[in-house]
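Atoms considered below: every heavy atom in the structure, side chains included; atoms not considered: hydrogens, waters and symmetry mates. One is the number of the first residue; the rest follow in order along the sequence.
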Amino acid sequence: MTIRVIIVDDQAMVRAGFAALLSAQADIDVVGEAPDGREGVRVSRTVHPDVVLMDVRMPEMDGLTAAREILDPPPGVTHRPKVLMLTTFDIDDYVYEALRAGASGFLLKDAPPADLIAAVRVVASGEALLAPSVTRRLIADFVQQRRAPRRDPALRLNGLTPRETEVLELIARGLSNQEIAGQLVLAEQTVKTHIGRVLGKLDLRDRAQAVIFAYEAGLVRPGDSP
């Protein structure tokens with residue numbers, strides 16, 4: 001199946017470079033571009049992409065606001081693509097807030113081309129792009145600096161079984177399904193089942209939101225070893 005992508009960035013050369021790179025892949029089709037967040041929202045609702053590559057800092061409407069509008073659309077709009085944030089900086093308030101809003105991850109603009117291609121495929125498949133340690137550091141830094149553990153998320157943890165709580169903690173530490181399976185001595189399919197139940201019980205969209213939730217609930221704290 002072909003992955004439909006739109007690129008939202010205020011720099012024309014960046015859009016052109018990303019479009020050329022992604023369009024050269026047999027399984028990726030760039031179906032639209034936009035120079036700012038407002039136009040990005042309009043294009044997304046017009047062409048219905050699978051993945052939106054969203055720059056963080058743009059005129060007219062920034063990437064965070066645009067991501068929120070795409071991921072939490074008004075009544076009558078049913079299409080919700082995956083959003084992958086693009087940033088020049090590895091620590092950025094906007095990226096953290098975008099993850100909280102439901103973005104599936106973020107990628108530095110200077111990442112190798114192969115990383116961009118892989119990121120699009122990972123996000124399109126329904127996974128969150130959380131493997132890079134910089135992502136976990138970003139989340140941990142902002143929780144530590146700006147937020148004490150919130151009471152409501154902590155109370156919601158009570159609805160999880162002990163095993164589901166273990167799985168959530170390991171997700172927040174950045175472990176893959178295979179690594180979680182090895183640490184808990186479970187089949188990988190069983191881990192996937194647990195993750196599905198965790199997301200369902202906590203009303204979370206994906207692993208990115210699960211990581212945010214775990215930090216805000218105090219289940220994992222900045223500086224904890226993996």
Asker: Starting at CG of D55, measure out to OG1 of T87 and round the result to the nearest 0.5 Å.
Answerer: 7.5 Å
Asker: Does F213 reach the side chain of L202, with side-chain heavy atoms less than 4.5 Å apart?
Answerer: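 Side-chain contact under 4.5 Å: yes.
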Asker: How far apart are the closest heavy atoms of E33 and V43, and which atoms are they?
Answerer: O-CG2, 3.8 Å
Asker: Once side-chain contact (heavy atoms from CB on, under 4.5 Å) is applied, do any residues pair with A210, and if so which ones, sequence neighbours excluded?
Answerer: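 Result, side-chain contact (heavy atoms from CB on, under 4.5 Å) vs A210: L168, I171, L199, L204.
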Asker: Before giving the answer on side-chain contact (heavy atoms from CB on, under 4.5 Å), spell out for L186 and H194 the whole-Å C-alpha distance, their side-chain angles and the decisive distance to 0.1 Å.
Answerer: CA-CA 10 Å; L186 297 172; H194 283 310; 4.1 Å; yes
Asker: Please name the residue in the list V31, V123, V51 that meets the side-chain contact (heavy atoms from CB on, under 4.5 Å) test with I3.
Answerer: V51
Asker: Please test V8 against D36 for side-chain contact (heavy atoms from CB on, under 4.5 Å), starting from the C-alpha separation and ending with a verdict.
Answerer: CA-CA 6 Å; V8 185; D36 60 67; over 6 Å; no
Asker: Which atom names give the shortest non-hydrogen contact between P49 and P81, and what distance separates them?
Answerer: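 Heavy-atom minimum between the residues: O-CB, 3.2 Å.
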Asker: D72: what forms a side-chain contact (heavy atoms from CB on, under 4.5 Å) with it, not counting sequence neighbours?
Answerer: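 side-chain contact (heavy atoms from CB on, under 4.5 Å) check on D72 returns nothing, list empty.
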Asker: Could you tell me which non-hydrogen atom of A172 sits nearest to which non-hydrogen atom of V211, and how far apart they are?
Answerer: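 So the two residues come closest at CA-CG2, 3.9 Å.
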Asker: Supply the atom-to-atom distance S23 OG to I7 CD1, rounded to the nearest 0.5 angstrom.
Answerer: 7.0 Å
Asker: What I'd like to find out is whether the side chain of I28 reaches to under 4.5 Å of the side chain of T2, using heavy atoms alone.
Answerer: no
Asker: Not counting sequence neighbours, which residues clear salt bridge (charged side-chain N to carboxylate O under 4.0 Å, His left out) with R42? List them please.
Answerer: E39
Asker: Tell me, do V41 and M61 make a side-chain contact under 4.5 Å, heavy atoms counted?
Answerer: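 V41 vs M61: side chains touch.
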Asker: Taking the side chain as every heavy atom from C-beta outward, state whether V167 and L160 have any pair of such atoms under 4.5 Å apart.
Answerer: no
Asker: Is there a chain of hydrophobic side chains (I, L, V, M, F, W, Y, each step under 4.5 Å between heavy atoms) that links I70 to V47?
Answerer: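 Cluster IDs for I70 and V47 match.
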Asker: So how far is it from K201 NZ to E164 CD, rounded to the nearest 0.5 Å?
Answerer: 3.5 Å
Asker: Look up atom CD1 in I6 and atom CG in D29, then write down how far apart they are to the nearest 0.5 Å.
Answerer: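 Atom-to-atom, I6:CD1 and D29:CG are 12.5 Å apart.
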Asker: Looking only at non-hydrogen atoms, find the nearest pair between M85 and A103 and report the distance.
Answerer: CG-CB, 4.0 Å
Asker: For D115 and A111, which heavy atoms make the closest approach, and how far apart are they?
Answerer: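 Looking at all heavy atoms of both residues, the closest pair is CB-CB, 4.1 Å.
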Asker: Counting only N and O atoms by type, is there a donor-acceptor contact under 3.5 Å from the side chain of E169 to the main-chain atoms of E166?
Answerer: no
Asker: NE2 of H79 to OG of S44: how many Å apart, nearest 0.5 Å?
Answerer: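 H79 atom NE2 to S44 atom OG measures 5.0 Å (nearest 0.5 Å).
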Asker: Before giving the answer on side-chain contact (heavy atoms from CB on, under 4.5 Å), spell out for F18 and V5 the whole-Å C-alpha distance, their side-chain angles and the decisive distance to 0.1 Å.
Answerer: CA-CA 10 Å; F18 285 171; V5 177; over 6 Å; no
Asker: Any chance you could lay out the side-chain contact (heavy atoms from CB on, under 4.5 Å) test for R121 and D27, step after step, and finish with the verdict?
Answerer: CA-CA 9 Å; R121 290 171 177 155; D27 60 335; 2.9 Å; yes
Asker: One thing to verify: whether D50 and K82 come together as a salt bridge, which I'm taking to mean a side-chain N less than 4.0 angstrom from a carboxylate O.
Answerer: no
Asker: Can you tell if the side chain of L219 reaches within under 4.5 Å of the side chain of L157, non-hydrogen atoms only?
Answerer: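 Yes - at least one pair of side-chain heavy atoms lies under 4.5 Å apart.
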Asker: Any donor and acceptor pair, going by atom type alone, linking the side chain of E69 with main-chain N or O of T65 inside 3.5 Å?
Answerer: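 Checking the backbone N and O of T65 against the side chain of E69, no donor-acceptor pair under 3.5 Å is found.
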Asker: Measure the CD-CZ distance between Q183 and R173 for me, rounded to the nearest 0.5 Å.
Answerer: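 CZ of R173 is found 8.5 Å from CD of Q183.
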Asker: Quick one: are L53 and L22 in side-chain contact, heavy atoms under 4.5 Å?
Answerer: yes
Asker: Do E60 and P35 make a side-chain contact, defined as non-hydrogen atoms from C-beta onward lying under 4.5 Å apart?
Answerer: no
Asker: Answer yes or no: are there more than 12 heavy-atom neighbours, outside D203 itself, under 6.0 Å from its atom CG?
Answerer: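 12 or below, so no.
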Asker: Under the criterion side-chain contact (heavy atoms from CB on, under 4.5 Å), which of R57, R15, M58 is the partner of D10?
Answerer: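 Testing D10 for a side-chain contact (heavy atoms from CB on, under 4.5 Å) against R57, R15, M58 leaves exactly one candidate, M58.
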